[in-house]
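No hydrogens, no waters, no symmetry mates; every other heavy atom, side chains included, goes into these values. Not measured: the values here are computed from a predicted model.
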Amino acid sequence: MKVKTAAGVLLTALMLFPVYWMINVSLTRDTDMRRDPPPLLPLHGTLEGYRAVLHQQLPYLGNSLAIGLGTVALTVALSAPAGYALALLRPRGGRALSFVLLVAQMIPSIIMAMGFYAIYLRLGVLNSTAGLILADSTIAVPFGVLIFTAFMSGIPAELMAAARVDGAGALRTFWSVVLPVSRNAVVTVSLFAFLWAWSDFVFASTLDGGGTQQPITLGIYHYIGNNNQQWNAIMATAVVASIPATLLLIVAQRYVAAGVTAGAVKD
C-alpha cells in the first residue's frame, strides 16, 4: 500500500509540475530567466507579470467570460431539447442523427474555422462576440446532445407516465419534469461548453484576429513576438486565466461525475 501511495504521489507531482512551473515563471524576473539552470524557486520574485495582467488583460478576460457564458446558454438551449427528443420522444432517424453528432465531433476545428470564415465574411459578422459564441457552440452542442440523451434515457418511465396522466404535453413535460431532474447533465454540459469556449484559440484567431472583442487566448498571444517574449507576463496571464476553470471544476466535480456516467449502466 505504501508503494502504491508513493507511486501515486510521484505521478501526481509529475502531472502538476507544469502548473508549478507556470506559477514559478510568473513570479520570476526577466534577468533570472536567462540563468542556466533556471531557478526552481523565485528567490527574487516580482509581480510585474501580474501588474501587466491588471493593466492589459482584464478586457480580454471580460470578453472570454462573455463568450463562455453565451456559449453555455446557446449550447444548453439547443442540446437539452434535442437530447430530450432523442431519448424520450424517439423520432424517426434518431439513431442516424446520434451517429452524425458523434462524427461531427471528429471534424478538425481548423476546417470548421475556415468554413465559418467564408460565411462570416459574406454576412459581415467577423470580429464579433456573437460569431465566436456560435462557432464555439458547434463544438459543444454535439457533445451536449449525447450527454443529455444518455442521461434522459435513464429517467424512470413511471415519471413520464405520471406527467401524461396529469395532462402535461411534451413541452410541459420537458420544462417541468425532465429538465429539473437532469441537473447533473445540465451542469456537465455547461461546464464543458464553458471550458471549450474559454480555451479556444483556433476560432478566435481565425474569426476575431483583428477585432476588439478578442478573448484571453489572443491576449496571451500578443505577448509573443519575434524579438520579445514577456514570459512572466505570459505565465501570469495563464495563471489568472486558469483560476475560473479551476474553481468551476472544483465546485461542479460531483455533478460532472454523475452526468458523464449517466446511462452507462442499466438496471
Between [X] and [Y], is there a shared hydrophobic cluster once you connect ILVMFWY residues whose side-chain heavy atoms come closer than 4.5 Å?
X      : Y      : result
Ile243 : Val25  : no
Val145 : Val100 : no
Leu132 : Leu121 : yes
Met114 : Ile139 : no
Leu88  : Trp175 : yes

So, for [X] and [Y], which heavy atoms are closest and what is the spacing to 0.1 Å?
X      : Y      : value
Asp208 : Gln213 : OD2-O, 2.9 Å
Ser98  : Leu86  : OG-CD1, 3.8 Å
Pro142 : Ala104 : CG-CB, 4.4 Å
Pro91  : Ala85  : CD-O, 3.0 Å
Ala87  : Thr149 : CB-O, 3.5 Å
Ser242 : Thr246 : O-OG1, 2.7 Å

Backbone of [Y] reached by a side-chain donor or acceptor of [X] within 3.5 Å:
X      : Y      : result
Ser190 : Val187 : no
Thr206 : Phe203 : no
Glu48  : Asn232 : no

With Thr173, which residues qualify under side chain to side chain contact (heavy atoms under 4.5 Å, CB included), at least two apart?
Tyr84, Met160, Ala163, Ala168, Val177, Val178
With sequence neighbours excluded, what pairs up with Arg172 under the side chain to side chain donor-acceptor pair (under 3.5 Å) test?
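Arg172 satisfies side chain to side chain donor-acceptor pair (under 3.5 Å) with Ser176 only.
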Find the distance between [atom1] ([X]) and [atom2] ([Y]) and round it off to the nearest 0.5 Å.
X      : Y      : atom1 : atom2 : answer
Thr28  : Ile23  : OG1   : CD1   : 11.5 Å
Leu16  : Leu11  : CG    : CG    : 11.0 Å
Leu102 : Leu97  : CG    : CG    : 11.5 Å
Phe174 : Leu171 : CZ    : CG    : 8.0 Å

Surrounding CH2 of Trp21 (heavy atoms of other residues, nucleotides or ligands, distance under 6.0 Å), is the total greater than 12?
yes
Could you check whether atom OH of Tyr20 has more than 12 heavy atoms from other residues, nucleotides or ligands sitting under 6.0 Å from it?
yes
Student check: side-chain heavy atoms of [X] and [Y] closer than 4.5 Å:
X      : Y      : answer
Tyr221 : Ser205 : no
Val240 : Gln57  : no
Phe116 : Thr138 : yes
Leu27  : Leu47  : yes
Ile155 : Ser182 : yes
Leu207 : Leu126 : yes

Relative to each other, are the rings of Trp196 and Phe192 parallel, tilted or perpendicular (30° and 60° limits)?
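Rings of Trp196 and Phe192: tilted, 30 to 60°.
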Donor-acceptor pairs under 3.5 angstrom involving side-chain atoms of residues 58-76: please list them, not counting sequence neighbours.
| residue | atom | partner | partner atom | Å |
| --- | --- | --- | --- | --- |
| Tyr60 | OH | His222 | ND1 | 3.2 |
| Asn63 | ND2 | Pro59 | O | 3.2 |
| Asn63 | ND2 | Gln214 | O | 2.9 |
| Ser64 | OG | Tyr60 | O | 3.4 |
| Ser64 | OG | Ile216 | N | 2.7 |
| Thr71 | OG1 | Ile67 | O | 2.7 |
| Thr75 | OG1 | Thr71 | O | 2.6 |

